[in-house]
S.K.: 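I'd like to ask you about the structure that follows.
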Amino acid sequence: MHSFYNGCRETRIHLTLSLRAFFVHQRLMRTVEWDYDRSQLRMIEQRLLPAELKIVSFDDYRQVAAAIRDMVVRGAPAIGAAAAFGLALAARQSSARDVTSLRADLKDAAEVLQEARPTAVNLSWALKRMMQAAIQYEGSDAVELRDLLLAEAQRIADEDVAINERMATHGARLIDDGDTIIHHCNTGALATVDWGTALGVIRKAHELGKRVHVLVDETRPRLQGARLTAWELQQYGIPYEIISDNAAGYFLRSGQVQKVLFGADRVAANGDVANKIGTYMLALAAYDNGVPAYSVVPTSTIDLSLAHGGLIPIEERDPGEVLGLQVEGQPVVPPGSKARNPAFDVTPHRLLTGIITENGVVYPPFEENLARAVRGENLAEKTE
Ligand code: MRU
């Protein structure tokens, strides 16, 4: 199991260490970070949480691609940063002595990384940005280009943290003291380099002294909500209860929820949002009950090249993720059963109240206002 990172350095941090100290107060590491002493990429092994906090290190870009595909690292911005560092690793692995050959090796590596997962646009966004840096380099020193690429990956990671905190600040203004919020999937520090998107908003509101209560969608089939979001909320000291995904409609209809928050893996030009499977049903129920629903996204997740959500590629994952559930040690499905496992769905923009970005909250008409946010216009005044 997990054989793809055989040979990599691994660090296990057993639960005897206070996770709260690790994650919040000392924050010994980011979810995705470069180890400058060892010239390796370090990431939290997310598949083992909440049982075990383990750090894995990578010195081969192909292992990074496998880690993205197999969800050691997941969440759109975290995937983007991992791919950027993966390409910096590829540059170091390449034996090219001149800039032209190094660029050719980088192009091959970018294709391998790109294939890891299709829906989160942050992956191709980060790879494009890295390749652009390689192409724009005007010198003739392959060593210098390698350093430049690592610096660009580091910039992508640092910007992600700063952007997330700005989104959190804009979003926290929309949260009222005493709100109960339904949150889908995991959108926290684990899904980004640090802070998070939708969970970052909740964390910021909590830090500002607003009393919030989170109903955590467990988020079948991989349970990112029950496993990761609940774990993060515990570290932050934010009260929460886990609900099965199909309980969301009940809580919305009975008036127990004031806001619905989720992230996005790709937002089309018209504001349609691709996010973790189940988001569409949640947004429908929120809309039907007049509960505001917000998607929280960095502008790097907005893909203006796609006119509407129907054009967003939807990843279909191994049916084993659905069929493998066991209760009391027993499989829950009859042997030989088949399953379908789309990992994302598209929520039409008409169901959204707003899209929270680092440049402020985008309200309808989304087509016009999303383009303004992507251009870097400050939409914050409308938020206040
Ligand atoms: O399949 P995952 O776990 O990578 O999906 C993650 C999500 O859908 C998140 O909600 C999304 O990336 C947006 S928030 C960072």
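Worth knowing before you read on, the calculation uses all heavy atoms, side chains too, and leaves out hydrogens, waters and symmetry mates.
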S.K.: Using the side chain to side chain donor-acceptor pair (under 3.5 Å) rule, take H213 and E241 through it: C-alpha gap first, then chi angles, then the decisive distance, then the call.
M.R.: CA-CA 8 Å; H213 185 83; E241 290 164 303; 2.7 Å; yes
S.K.: Assess, by modelled atom type and distance only, whether the side chains of Q93 and D60 contain a donor and an acceptor separated by less than 3.5 Å.
M.R.: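 Looking only at side-chain atoms, D60 and Q93 do form a donor-acceptor pair, the distance falling under 3.5 Å.
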S.K.: Please check if any side-chain donor atom of E321 sits under 3.5 Å from a side-chain acceptor atom of N341, or the reverse.
M.R.: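 Judged by distance alone, the side chains do pair up.
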S.K.: So, R372 and E377, do they make that salt bridge, N to O below 4.0 Å?
M.R.: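 Between E377 and R372 there is a salt bridge, with a charged N closer than 4.0 Å to a carboxylate O.
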S.K.: Using the rule side chain to side chain contact (heavy atoms under 4.5 Å, CB included), only one of V273, V362, T357 pairs with I302; which is it?
M.R.: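 In the set V273, V362, T357, the residue that makes a side chain to side chain contact (heavy atoms under 4.5 Å, CB included) with I302 is T357.
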S.K.: Tell me whether the count of non-hydrogen atoms from other residues, nucleotides or ligands lying under 6.0 Å of CZ in R340 goes above 12.
M.R.: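 No, not enclosed.
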S.K.: Could you check whether any side-chain N or O of T192 sits under 3.5 Å from a backbone N or O of P77, counting only pairs where one atom can act as donor and the other as acceptor?
M.R.: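 Looks like no, no N/O pair under 3.5 Å.
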S.K.: Which Ile, Leu, Val, Met, Phe, Trp or Tyr residues join M281 in one cluster when any pair of side-chain heavy atoms under 4.5 Å counts as a link?
M.R.: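 None; M281 is a cluster of one.
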S.K.: Given 3.5 Å as the limit, does a donor-acceptor pair link the side chain of R227 with the main chain of L49, or not?
M.R.: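 The answer is yes, because a donor-acceptor pair under 3.5 Å joins these two groups.
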S.K.: Do K259 and D176 meet the salt-bridge criterion of a basic N to acidic O distance under 4.0 Å?
M.R.: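 Result for this pair is yes, salt bridge flagged.
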S.K.: Could you walk me through whether R38 and D35 pass the salt bridge (charged side-chain N to carboxylate O under 4.0 Å, His left out) test, one step at a time?
M.R.: CA-CA 6 Å; R38 297 191 173 86; D35 179 340; 3.3 Å; yes
S.K.: Side chain of N186, backbone of Q224: donor and acceptor closer than 3.5 Å?
M.R.: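 Absent.
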S.K.: Side chains of S300 and N122 only: does a donor on one sit below 3.5 Å from an acceptor on the other?
M.R.: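 Yes, N122 and S300 have a side-chain donor paired with an acceptor closer than 3.5 Å.
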S.K.: Side chains of E367 and H349: donor-acceptor distance under 3.5 Å anywhere?
M.R.: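 There is no such pair (donor and acceptor under 3.5 Å, judged by atom type) between the side chains of E367 and H349.
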S.K.: Between H184 and D217, is a side chain to side chain donor-acceptor pair (under 3.5 Å) present by the stated rule, with each step listed?
M.R.: CA-CA 5 Å; H184 196 64; D217 267 357; 2.7 Å; yes
S.K.: Decide, yes or no, whether a salt bridge links D303 with R266 under the criterion of side-chain N to carboxylate O below 4.0 Å.
M.R.: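 A salt bridge is present here (some side-chain N lies under 4.0 Å from a carboxylate O).
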S.K.: How far apart are the C-alpha atoms of R129 and I156, what are their side-chain angles, what is the distance that settles it, and do they pass the side-chain contact (heavy atoms from CB on, under 4.5 Å) test?
M.R.: CA-CA 9 Å; R129 189 165 145 177; I156 287 173; 3.6 Å; yes
S.K.: Please determine if K276 forms a cation-pi arrangement with F262, meaning its NZ or CZ atom is less than 6.0 Å from the six-membered ring centre and no more than 45° off the ring axis.
M.R.: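 The answer is no, since K276 fails at least one limit relative to F262.
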S.K.: Between Q136 and Q132, is the side-chain contact (heavy atoms from CB on, under 4.5 Å) condition met? List the steps.
M.R.: CA-CA 6 Å; Q136 281 167 358; Q132 221 161 15; 3.8 Å; yes
S.K.: Keeping the roles fixed (side chain from R203, backbone from L233), state whether a donor-acceptor pair exists under 3.5 Å.
M.R.: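 Here the side-chain-to-backbone pair does not exist.
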S.K.: Would E144 and Y137 count as a side chain to side chain donor-acceptor pair (under 3.5 Å) here? Give the steps.
M.R.: CA-CA 9 Å; E144 190 175 52; Y137 172 65; 2.4 Å; yes
S.K.: Is the closest side-chain donor-acceptor distance between N246 and R220 under 3.5 Å?
M.R.: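 Checked: N246/R220 side chains show no N/O donor-acceptor pair below 3.5 Å.
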S.K.: Could you give me the CA-CA distance, side-chain angles and deciding distance for Y280 and V346, then say whether side-chain contact (heavy atoms from CB on, under 4.5 Å) is met?
M.R.: CA-CA 6 Å; Y280 173 44; V346 174; over 6 Å; no
S.K.: Would a single hydrophobic cluster contain both L379 and V267, if residues Ile, Leu, Val, Met, Phe, Trp and Tyr are joined by side-chain heavy-atom contacts under 4.5 Å?
M.R.: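 Cluster IDs for V267 and L379 match.
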S.K.: Side chains of Y240 and E232 only: does a donor on one sit below 3.5 Å from an acceptor on the other?
M.R.: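 No - no donor-acceptor pair under 3.5 Å links their side chains.
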S.K.: Counting N and O atoms only, with roles assigned by atom type, does the side chain of D179 sit under 3.5 Å from a partner on the main chain of I175, one being a donor and the other an acceptor?
M.R.: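 No: the side chain of D179 does not pair with the backbone of I175.
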S.K.: State the CZ-OG1 distance between R375 and T299, to the nearest 0.5 angstrom.
M.R.: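 The distance works out to 12.5 Å.
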